[in-house]
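One structure is given here, and the rest of the page talks about it.
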Protein chains: 2
Amino acid sequence: MNESTTRDADLTRARILEAAFDLFVDRGFAAVTMRELAEASGVTKSLIHHHFGNKEGLWDAVKEMAFARYYEGQKADLERSGDPDANLLSNSVVRYFRFLAENPRVVRLFSWAHLEGDSSCSHMDAELVELGAGRVRQAQEAGQLRDDVNPTHVVTTFVNACTQWFATCEHHADWPGMGSDEEYLADFLKIFMRGLQPD
Amino acid sequence: MNESTTRDADLTRARILEAAFDLFVDRGFAAVTMRELAEASGVTKSLIHHHFGNKEGLWDAVKEMAFARYYEGQKADLERSGDPDANLLSNSVVRYFRFLAENPRVVRLFSWAHLEGDSSCSHMDAELVELGAGRVRQAQEAGQLRDDVNPTHVVTTFVNACTQWFATCEHHADWPGMGSDEEYLADFLKIFMRGLQPD
DNA sequence: TTACTAACTGGCCGGCCGGTCAATTGGGGC
DNA sequence: GCCCCAATTGACCGGCCGGCCAGTTAGTAA
């Protein structure tokens, strides 16, 4: 039987969220209309208002869902790799880079949200960076990384280098001299890791 | 005498462009209305249509103006510093970083344009990166930089690290452990330049 | 079976959207 | 001084915007 005919508020909300995610990621909040959202979700405009209040409520819900997934994944990643060996930082960079490679739409969503001034996720971002910075500090104290640089800046540097790569990848994909995702990652790691070697 | 009452097409166009730049930078293309643009410019809506055709024409003109300024400045910077000494790359990073620090609104404009799929400036960006990559290659051949990394990736790495810093600076400005612009730049340079030292 | 509640629909609303057009104004060339 | 054309205006347009609301339908608990 087709379950789409039966009433299921959670399923409906999920379907609306999914369709809204796609539309908002592609065109941003302002350029998407409630009518498009309704059609893409397969429900009526009124039903979206019923479940999410208004357009901004839906936008907030989409951002919250996307960031919650991102946050959980990253936190698990950071807490998993327990033993602080010399490759921990390198592995973290690779994991972060690959996560973005597999979730490019999340990068776009956060870019829109940030440009529009959204700061609701800032504290979660701060927490992740703090977690990472703590790991870097441990490695510094263990003599595995140079200790004359701010650990927070170390994390920020690689997060920036990875994020911006995927934020602009459609542009530079076919520029002369530009390598693939993995080639860029390899070169960045060469520079980054040697740059962090202790004296 | 108040010159604003006299007719001057160039001045009018410049005024419209300036006001539109501010509005588009703050809220993006879709969220700004022609009425707001007209009021901010001190002219009528019809006059904007007269000079720029339609809303998209104005948006294109704003992007073109902003990117032309950016492109000229960067190209001059790249061609000025002629003698390839060991500090050339370091100086280039500093100059690029400081340019962004002084023109944060340009970063925002390009972010909007990129998210909306604009690729009209891509070839100019490519040219700048190629110019920079050529410099890196020269330094590699002179034995001043390690030569086992792609020069284009070297340029991209520092451009990404700088751009993303200013794209997200409102967020992380007050995060615990995060330093000032100059402190981040100093730490990034430490890592980046040591990471590029020849074997 | 019934009564209640939440899910869901379709039509409607006032208002603002981008854009057009006819009319007016003013400055520069003759 | 006159004329012409570009600059500029304000009224106006059809259409779409987000949101609302009265009504209908389907699960669910008593």
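- Exactly one residue among Trp165(B), Tyr184(B), Phe166(B) makes a ring pair (Phe, Tyr, Trp, His ring centres under 6.0 Å) with His172(B). That residue is Trp165(B).
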Exercise. Report the C-alpha separation of Phe67(B) and Phe110(B) in whole Å, then their side-chain angles, then the decisive distance to 0.1 Å, and conclude whether the ring-ring contact (aromatic ring centres under 6.0 Å, His included) test is met.
Key: CA-CA 8 Å; Phe67(B) 201 86; Phe110(B) 293 167; 5.0 Å; yes

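- Two rings, from Trp112(A) and Phe24(A), have their centers 6.0 Å or more apart.
- Taking every heavy atom of residues 28-48 of chain A and every atom of DNA chain C, pairs under 4.0 Å involve Thr44(A), Ser46(A), Leu47(A), by number.
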Quiz item: Can you check salt bridge (Lys or Arg N to Asp or Glu O under 4.0 Å) on Arg105(B) and Asp22(B), steps first, answer last?
Solution: CA-CA 8 Å; Arg105(B) 299 179 72 72; Asp22(B) 283 340; 3.5 Å; yes

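- Side-chain atoms of Arg7(B) and base atoms of dT8(D) include no donor and acceptor less than 3.5 Å apart.
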Which protein N or O atoms sit under 3.5 Å from an N or O of nucleotides 2-4 of chain C?
none

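- Put simply, the side chain of Lys75(B) never gets that close to the backbone of Tyr70(B): no donor and acceptor are under 3.5 Å apart.
- Between the CG atom in Leu185(A) and the NZ atom in Lys190(A) there is a gap of 11.5 Å [rounded to 0.5 Å].
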Self-check item: Glu116(B) vs Arg27(A), side-chain contact (heavy atoms from CB on, under 4.5 Å): CA-CA, chis, key distance, verdict
Solution: CA-CA 7 Å; Glu116(B) 284 161 5; Arg27(A) 315 221 306 275; over 6 Å; no

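- Between the side chains of Glu127(A) and Tyr71(A), a donor-acceptor pair is found at a separation under 3.5 Å.
- A donor-acceptor pair under 3.5 Å links the side-chain atoms of Asn103(A) to the main chain of Phe99(A), judged by distance alone.
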Self-check item: Evaluation steps, ring-ring contact (aromatic ring centres under 6.0 Å, His included), between Phe158(B) and Phe97(B)
Solution: CA-CA 9 Å; Phe158(B) 90 73; Phe97(B) 189 88; over 10 Å; no

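- For residues 50-64 of chain A, proximity to DNA chain C is found at His50(A), His51(A), defined as any non-hydrogen atom under 4.0 angstrom from a strand atom.
- For the pair His49(A) NE2 and dC21(D) P, the interatomic distance rounds to 12 Å; values are reported in whole Å.
- Within the 4.0 Å cut-off from OP1 or OP2 of dG27(D), at least one side-chain nitrogen or oxygen of Thr6(A) is found.
- When rounded to the nearest whole Å, the span between CG of Leu11(B) and P of dG27(C) equals 14 Å.
- If you measure from atom CG of Asp8(A) to atom P of dA6(C), you get 16 Å, rounded to the nearest angstrom.
- Using a distance-only test at 3.5 Å, with no hydrogens or angles considered, no donor-acceptor pair links the side chain of Asp147(A) to the main chain of Gln140(A).
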